[in-house]
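Have a look at the structure below before the remarks.
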Amino acid sequence: MSGVLKSSVSRWRGLILAAWAAALGGILIAGRYALFIRAPLWPLLLASVIILGLFLVSMFLRPSHGGGRISSGAWVRGAMLLLPVLYMGTLLSGAAASGLNSFALQKRSLGLGSGSDSLPFGGGSDSAATDSGGTMNIGYIARNLTKLNGSHVITEGRVWMDPSLASGQMVIFRFVVVCCAADAMPVEAIVKSPATARCKNDDWVRVEGTLRVETQQGQPVPVIDADQITPIAAPEEPYLSPYQF
Amino acid sequence: MSVVEKGMSHSHPGAGGGSEGGLTPLRVLNAPAHQEPFRFEVPRDRKIPFWTLAGGLFVLLAVSLLAATHGSPEGATMGLSFVSIILEALPFVMLGSLLGGLFEVFVPRETVARLLPKRKILGILVAASLGLLLPVCECAVIPFTRRLVRKGVPFSTAVAYLLAGPIVNVLVGSATLMAYAWNWHVLAARMIFGYVVAVSVALCMDRFFPGHAALLDSGMAGKAAEDACGCGHDHDHHHHDHDHEHHEKPQPMWARLADAINHAGDDFLSVGQFLVMGAFVASICQTVIPRHTFVAIAHAPAVAIMIMMGLAVVLNLCSGADAFVASSFRAVLPLSAQMGFMVLGPMLDLKLSAMYLSFISKRAFVTLVVLMYSFVFVLMLTWHYLFAAGLR
C-alpha cells in the first residue's frame, strides 16, 4: 500500500480519480446534477462514483505503477481529464446555474411550430400534464394543442424576447431532455401581453391566460393571451422529460 | 537503461502465443522497442512528443475559452453541453472498462479462441449481433472492444461489434420505438440498416487491413508490446507484482478482481482523455451551429440525408437518446434522412472519432469513416427512392 503513496505516478492518477469522485459526489449531494442530465438518471452518476471508488481501492490493494517522476505527457493527459471537473465547478453559479438558456434555444429550435402536436414522444396521461407547482407543463401544451385550444392555462418557462415578434409579444420555452443537456430539444409558445415589456431574456416566469392555436408558415403555433405574467425562481429541475407528457 | 526500457525488454513465456482459432499471434502486435506506448509513466527522453504538445495546447485553449466566455450565455451553453456529454458517457465508459478488465483477467485466450467461430465471416455475423446480449451504448463498447482485440479477437470481428453493438440492442430499440410512437417499421429499418452497415464495413476493413494492421502502434500495439508479460498494465515492469491467468503462480480471487479493476481504471483514463477532447469539440459545434440552418438547406433527399448524417457526427448524442432528436425533425425532413442520422450517429461522431484514434491508426480511421459514411448514404438514398420517399 505504501508503494502507491510513494509513487508520484500513482499519486497523480489517484488525484485525478479522486477529483472526479468528489465532483460527482458533490453535484449528487447538492442535487445540481439536474443541470446536466435528466434528473431520474442520477443512479448512473452514483454508479460512476462507486466505480471510481473501486478504481481507487484496487490501486491501493494491488499497486502496479512504479516510482519515478511524472512525464510531461502524463501531466497533460491528467490536465485534460480534469477539464470537465473545472468546467463543472464554474457552471454551478452564474448564467449557467439555471440550465440551458435562450442562446441555446436559438441554436436548437427548428421553428415555433416544430414542437407542436407532432411531438413524437409522449403518451403520458393527463395526470402528467401538471408539474409540482400545479401549473400545466408546456410540453403537454405543445403536445395537445388541438385539445387545449381555447382553454385557460397556467404554465411556466424561460423568456426569450424574440426580436422578430411584434411589440407586446415574447416566447416562453423549456427544454425536453432524454438523457443529457446535449440532446435537449426546446418546446415553445408565444405569449401576448403588454406585461411582456417587463421581461427580459432568460427570466423564469409563470404565465396565466387563454391558449389559442395560430398557424404560422403552415405549422400550428401555441399562443397564450396572457392575463398575468409573474416572475418565479428557477426550478430545481430546469428540464422536462419526454416521458412526462 | 531506464526503467521503461527494462520493462520493454522484459519477456515472458506467454508472449506471442495463442495463434489458434483465428487468433492473431500477439507477436504481430508487438511494437518496436523504440516506440513509446501510452502510459502514465516515466518519460523516455527529454524531447516533448507531438501529442503531448498538442494536448497541452488543447488544455490551454479549453481553459482560455472558459475564462473568456465565463458568465456569458454562449459560455453557459457550451459548458453545459460539454459537461453533459461527459457525464452521460462516463458511467458507460466505466462499465465498458470494467467489462474489459474482467474479460482481460478472467477469460483466457484459449477460451476466446474456442468460442470464436472458425470462419471469419461467421465471426463477423455473430459479433454484429452481440449487442442483443450486451445492451450498452457506444461509449461502453469502445473500451470493451480494445480488450477484445488485445485478447486476440480479429480486428474485423471487433469492428462488427463496435459498429452494430450500439444500434442492434434492446435498449436502443425501445428508445426508438418510444420516439417513433411504436412504429415497428422504423425500429426494424434501424436494426437492419445498422447490422448491414456494420457487417459490410467489417468485411471491407478485413480486406483493406488484414490481421491487426489497423491498430495503432503507440496505442494497442504498444500496449500489446507491454503485454509481453500478458498483463497489459500501464506500469513499470520491475514493480510488476501480480499475475493473471497465464502466470504460473495462481492468485487469490480478490487479487485477480483487483487486477481486473486496475486494468479497467487504466482503460478509463486512457479512453477518457479522448472522450474529453471529442466532447469539447462537440460542445463547440452544439454552441456554434444552429440546427434550423441544416433544415433550411436540406431540400433534396440526397442533401437531407447527407446533412443529417453530418449533424449526427457533430451532435454526439447517445444511441439511447438520438431517436428522440431524429424524430423531432419529422415535420421538416424525410424519414430516410432521420434514419441516416440514427444509423450513422452511434457509429461515428466527434467523441467516438477521438476514442477510435486511441487505438487504430489514422489511415485505418479515415478508411473506416469513408466506408461508414458511404454505406449509410447509399443505403439511405436507395431506401428513400425505393420504399420511403413519402415517409416522415
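Chain letters run A, B, ... following the sequence lines, proteins first, then strands; residues in each count from 1.
- Side-chain atoms of B:Leu80 and A:Phe36, non-hydrogen and from C-beta on, do get closer than 4.5 Å to each other.
- Scanning all heavy atoms of the two residues, the minimum distance from B:Gln273 to A:Met80 falls at O-CE, 3.5 Å.
- A pairwise comparison of heavy atoms in B:Met94 and A:Ser48 identifies SD-O, 3.7 Å as the closest pair.
- There is no contact between A:Trp75 and chain B, counting heavy-atom distances below 4.5 Å.
- Using a 4.5 Å cut-off between heavy atoms, B:Leu275 does not touch chain A at all.
- B:Leu60 does not touch chain A: none of its heavy atoms, backbone or side chain, sits under 4.5 Å away.
- With a 4.5 angstrom heavy-atom cutoff, A:Ala104 touches chain B via backbone and side-chain atoms both.
- Counting heavy atoms from C-beta outward, A:Val177 and B:Phe324 have side chains that stay 4.5 Å or more apart.
- For the set B:Ser84, B:Ala62, B:Gly79, B:Gly56, the entry with the most heavy-atom pairs within less than 4.5 Å of chain A is B:Ser84.
- Only the side chain of B:Trp254 comes within contact range of chain A, judged by heavy atoms closer than 4.5 Å.
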**Item:** Candidate pair A:Arg77 and B:Leu269, rule side-chain contact (heavy atoms from CB on, under 4.5 Å), full reasoning
**Value:** CA-CA 9 Å; A:Arg77 284 187 282 270; B:Leu269 292 174; over 6 Å; no

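- For B:Pro73 against A:Phe103, the heavy-atom pair with the smallest separation is CB-CB, 3.7 Å.
- Comparing A:Ala96, A:Cys180, A:Ala181 by heavy-atom pairs within less than 4.5 Å of chain B, the highest count is held by A:Cys180.
- Annotation: side chain of B:Glu88 is in contact with side chain of A:Asp183 (closest heavy-atom distance under 4.5 Å).
- A side-chain contact (heavy atoms from CB on, under 4.5 Å) with B:Val83 holds for exactly one of A:Leu83, A:Leu35, A:Leu91, A:Val85; it is A:Leu91.
- With a 4.5 Å cut-off on non-hydrogen atoms, B:Val276 touches chain A through its side chain but not through its backbone.
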**Prompt:** Should A:Tyr33 and B:Leu87 be marked as a side-chain contact (heavy atoms from CB on, under 4.5 Å) after you check the CA-CA gap, both sets of side-chain angles, and the distance that decides it?
**Reply:** CA-CA 9 Å; A:Tyr33 54 87; B:Leu87 291 191; 5.9 Å; no

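- Inter-residue side-chain proximity for A:Ile51 and B:Leu98 is flagged as met; some heavy-atom pair is nearer than 4.5 Å.
- Nearest approach of A:Phe55 to B:Asn262, heavy atoms of both residues: O-OD1, 4.4 Å.
- Heavy atoms of A:Ala184 lying under 4.5 Å from chain B belong exclusively to its backbone.
- Applying the 6.0 Å contact sphere to CD of A:Glu236 captures no more than 12 heavy atoms from other residues, nucleotides or ligands.
- Contacts between A:Leu41 and chain B at a heavy-atom distance below 4.5 Å are absent for every atom of the residue.
- Taking chain B as the reference chain and counting heavy-atom pairs below 4.5 Å, the highest number among A:Val76, A:Leu82, A:Leu17, A:Asn201 is found for A:Val76.
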**Request:** Go through the steps for B:Asp266 and A:Arg13 under the test side-chain contact (heavy atoms from CB on, under 4.5 Å), then give the verdict.
**Result:** CA-CA 9 Å; B:Asp266 285 339; A:Arg13 189 174 179 273; 2.7 Å; yes

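- The parts of B:Leu90 that come within reach of chain A are both its backbone and its side chain, each placing non-hydrogen atoms under 4.5 angstrom from that chain.
- Ranked by heavy-atom pairs under 4.5 Å with chain B, the first of A:Val49, A:Thr90, A:Leu54 is A:Thr90.
- When heavy atoms are compared at a cutoff of 4.5 Å, B:Thr287 approaches chain A by way of both its backbone and its side chain.
- Closest approach of A:Ala182 and B:Ile85 over heavy atoms only: CB-CG1, 3.5 Å.
- For B:Val93, no part lies under 4.5 angstrom from a heavy atom of chain A.
- Taking B:Ile289, B:Leu317, B:Leu66 one by one and counting their heavy-atom pairs under 4.5 Å with chain A, the maximum is reached by B:Leu66.
- At least one side-chain heavy atom of A:Tyr87 sits less than 4.5 Å from a side-chain heavy atom of B:Met78.
- For B:Gln286 against A:Lys107, the heavy-atom pair with the smallest separation is O-CB, 4.1 Å.
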